[in-house]
Amino acid sequence: MAERIVDVLVPLAVDRPYSYKTSEALSPGEIVHVPLGNREETGVVWPGSGEAPATAKLKSIIAKSDYPRLPLELVKLIDWIADYTLAPRGMVLRMALRRSSELGAAREKIGVRVTGLKPPRMTEARARVLSLLENGLLRSKSEAAEEAGVSPGVIDGLIDQGALEAVALPPESIALPPDAGFAVPELNPAQTSAANELRDAVRARKFSVNLLDGVTGSGKTEVYFEAVAEILKQNRQALILLPEIALTTRFLDRFAERFGERPAEWHSAIAPRKRARTWEGIAKGEISVVAGARSALFLPFNDLALIVLDEEHDPAYKQEDGVHYHARDMAVVRGSLAQATVVLISATPSIETENNARRGRYKRLQLSERYSGTEVPQLEAIDLKKEGPRKGRWISPRLETAIGETITRGEQALLFLNRRGYAPLTLCRSCGFRMRCVNCDTWLVEHRYRKRLVCHHCGFDMPPPQHCPKCETPDSFVPIGPGVERLEEEVRAAFPDARTLVLSSDMAGGIERIRAELEAVTNRDVDIVIGTQLVAKGHHFPGLALVGIIDADLGLNYGDPRAAERTFQLLHQVVGRAGREKAGGRGLLQTYQPEHPVMKALLAGDRDAFYDSEIASREEAHLPPFGRMVAVIVSAKEGPSAESYARKLAASAPLSDDVRLLGPAEAPLSMIRGRHRWRLLVTSPRNFDLSHYVRQWLAAAPPARGSLRVQVDVDPQSFL
Ligand code: ADP
Ligand code: ZN
C-alpha cells in the first residue's frame, strides 16, 4: 500500500497534531506510537489528515497500538474544549489518555502458596512467611510480604528454593454487571412522574438536558437510578459524576443496594492498574456504569447514553489548574455530541442552570417534598448585633441552649463553620507581627492538632515559632477569630460529656479517615459535629436534628460576583442536613446582616425570591450567564516583569465594540508559589465569540519570555 500522511496529536503542550507517514490504514481516534525527537510517544490519529502525498522528510509511525480507539465523539469533545478554553489541544487529549503507562495492559498479579518443601536454611523471616501461608491458600505476593512483614525478596528466595510456588492470579474483576431489576423501589407519585420523564428521555435516544430539581431529602437519587436502570436494560452506558470522592463510598453502597453490584469508579485515588483495566473496560463496552469525578468525562465510552451530574451547582466541578474547564458545561457538550440524556441534579441549581430551565432550554423535573414527609427545617436568625456570644466565644446563648436540648433528646447537632484550622489569624501580642507564607502572599493558618502553621494555598507548613521572629517576645502569638478546631474547644468546654467530632478536609488520615468519620456520624456515634463545607454535601445523617451556622456572613465578604449565589447554596445545603428522617429539624443562623437578601430568602424558605433577584441583577450587570467573561492571568518570578507584560498585553488588545477590558490589576492573591500575579478580565455580550477574540489577541501579542506565564480562564469561577 502506498504511503500516506496521517496527523497524530500527542498528549503534550502542543495545539496542533504532527504529520507522520504510514502505510497502514488508520482512522481518527486510533492510538499509535510515534517518534518524537529522540523519544517514543503515544498519540492519537486526529481528523483532518492532509491528502498531500507523503514527503521524504516526514517520519513514519512506529506502530499502531492494541488499545481500543478513542470514540470519534471523544475526539470531537477534545477539539471542542480546546477551542473553547484555549488550552493546548494536546493537554486536553492528555486528560483522556492520562499517562500512557495507564494504558499498559494490566500486569499479571502473581500469587504464592506453600509446596510443602522446607528451604535448606530457615531464617526468622522465612519462617514467618511459611507460617502465614501454612493453610495452603493462595495469596498475592505483595500481600504475603506485607502481612508477614518481610521484603518481597524473601518471598522470591523461597520461590527459588522451591518452598513456595508462584501462580498467576486471575485478574480481579473491575465491575460486575449491575442488575436493573435487583431491588426496584416503590416510588412516591412525584418520584414516579419524574422517573417516567427521564425514562422517556433515555428512550428517545436524542440529546436533552433535564434539571432534576428537588428539595434536600426528596429522593432524587432513587429517581435518576430509574434512568440508569433503563440504560442497563438497553445495554448502553451511563456516567454519574459526583463532586467529592469522600462521598462516593456511601454512594457506591447505595448503588449496590439498588442494582446488586457497585458501579466502576473513576477518580484520582484509584490505583494505576485498576485505572488501566477500567479504561479498557469502558472502551470495549464491558463496563456499563461509571461513577466518578469530573475527569471521568474524558473516558472512552463507546455507547454513552446518560450523563448524570449530582449536586450540579458544586464549585468542585470547575477545574482550576491545567485545562480550566467546567465539568457541568462540558457534560452538556459531550451529551450533545453523543446524543445522550443529561440530568443535572440539585436542590439549589446554579444561576446558569436555573436560568436555562426558566427559559425552557432545560427541562425541569420537580420534587417539592421530602421523601420522608418531614418538613425542610425551620430556620431562625440569631442577630449577632443583638444577641451575640460572650467575648472570646463564637456560640451565642440561644444556639448553645438549642444544642443542649438536642443532645439531651439523643439527637445530633451540626455546627457549620467554613474555616479550617484553629484560627484564621495569628499574630504577635506585643508587636502585631503575622507569620507569612514563604511562597505566597498569604498568612499562615494555625492548625493546632497538627501543631503546624499551614498555607492554605500552596501547602507550605512549619512549626509555630517559639518566639516572635520580629520582636523576639517568647510565646507571644495569639489566635484571632475561630476555625473549626477552636470552635471544638468551646463545644467541649460547654458540653464536656458530649461526643464531638471535627470534620474537615485536612485532617490527618486522608480520605479513608473522612469516610470512617462520616460513617460514625451516620451511625450516631457522635453527638456534636463541627464541620467545614465537607459536611454540606449530599450526606444523609438520619439522627441530625439541629444545624447551627456559626458565621453566615463569611462567604459574602469577597469581591466575587458569585458570592451571594455560593452563600445561598452552601447554607441551604448545610441546613438541609437537618431533620431528614424525623420531624422538627431546625436551623439557627448567626449573622450580622439578617436583612441581607440572601439571609432573607433563606429565612423565609423562599428560593424563588433569591433566584428572581439574583438573575435580575446579573442580567442588569451583564454578568454570566448574560455576558461572557474570560480572565487572563499573567505571572512571573519577578513582580515588575509580570506587571509590565500585563500592561503590554492590555495595550495590544484589538479594539472591538463588543469587548470590555478591565485591568491589569494586581491579583488579590498577588503571589502564589513564588509567582507574582496580575489579572486582566475581558467581558462581552453573550452572543459574541469571546474565546476566538482572546485567541487572536494572544496569538498576536508580544511573546512571553523568561519566567512569564499567561493563563487563560474562560468563564472564571475564582477571581483571586
Ligand atoms: P436527595 O438526594 O434528594 O437529598 P435522597 O435521594 O438522599 O435525597 O433520599 C433521601 C432518603 O429517602 C434516603 O434515605 C433514601 O434512601 C430515601 N428514599 C428516597 N426515595 C425512596 C423510595 N422511593 N423508597 C425508599 N426510600 C427512599
Ligand atoms: Zn503558600
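Please read these numbers as outputs of a predicted model, since none were measured by experiment. Atoms considered below: every heavy atom in the structure, side chains included; atoms not considered: hydrogens, waters and symmetry mates. Counting convention: from 1, in listed order, for ligands and their atoms alike. This chain uses plain numbering: 1 for the first residue, then up along the sequence.
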Check your understanding: Cation over ring, Arg328 on Tyr317, under 6.0 Å and within 45°?
Key -> no
Check your understanding: Nearest non-hydrogen atom to atom 8 (O) of ligand 1 belongs to which of Ala347, Ala183, Ser372, Gly219?
Key -> Gly219
**Study point:** Nitrogen or oxygen atoms of Pro185 and ligand 1 under 3.5 Å apart
**Key:** no
Revision key, fill the gap. Ligand 1 atoms nearer than 4.0 angstrom to some heavy atom of Ser218 are 1 (P), 3 (O), 8 (O)
Point to revise | By salt bridge (Lys or Arg N to Asp or Glu O under 4.0 Å) - contacts of Arg358 (at least two apart) | key: Glu354, Asp608, Asp612
**Study point:** Neighbour count >12 (heavy atoms, 6.0 Å) for atom CD, Gln378
**Key:** no
**Study point:** Close-contact set for ligand 1 against Thr216 heavy atoms, below 4.0 Å
**Key:** 4 (O)
Exercise for review: Kindly indicate, with the supporting measurements, whether the criterion side-chain hydrogen bond (donor to acceptor under 3.5 Å, both in side chains) is fulfilled by Arg524 and Gln412.
Suggested key: CA-CA 7 Å; Arg524 302 186 179 218; Gln412 294 169 299; 5.0 Å; no
Revision key, fill the gap. Ranking Arg254, Glu222, Gln573 by closest non-hydrogen atom to atom 7 (O) of ligand 1, top hit is Arg254
Point to revise | Steps toward ring-ring contact (aromatic ring centres under 6.0 Å, His included) verdict (His313, His572) | key: CA-CA 12 Å; His313 60 276; His572 187 99; 9.2 Å; no
Exercise for review: Indicate whether the side chain of Ser208 and that of Asn210 have a donor and an acceptor atom separated by less than 3.5 Å.
Suggested key: yes
**Study point:** Under 2.8 Å from the Zn ion (ligand 2) - protein N/O/S, by chain and number
**Key:** Cys437 SG, Cys440 SG, Cys455 SG, Cys458 SG
Review point. Quick one: which ligand 1 atoms are inside 4.0 Å of a heavy atom on Glu186?
Key: 22 (C), 23 (N), 24 (N)
Point to revise | Results of side-chain hydrogen bond (donor to acceptor under 3.5 Å, both in side chains) for Arg677 - residues two or more places apart only | key: none
Check your understanding: If you measure only the distance, is there a donor-acceptor pair under 3.5 Å linking the side chains of Thr353 and Glu312?
Key -> yes
Revision key, fill the gap. If we number the atoms of ligand 1 from 1 as shown, the ones under 4.0 Å from a heavy atom of His540 are 11 (C), 14 (O)
Check your understanding: Is there a donor-acceptor contact under 3.5 Å linking the side chains of Asn418 and Thr532?
Key -> no
Exercise for review: Only pairs at least two apart or in different chains count here, so list each salt bridge (Lys or Arg N to Asp or Glu O under 4.0 Å) that has a residue in residues 179-197.
Suggested key: Glu197-Lys363
Review point. Atoms of ligand 1 less than 4.0 Å from Leu187 heavy atoms?
Key: 23 (N)
Check your understanding: Any idea which atoms of ligand 1 are less than 4.0 Å away from a heavy-atom of Val215?
Key -> 3 (O)
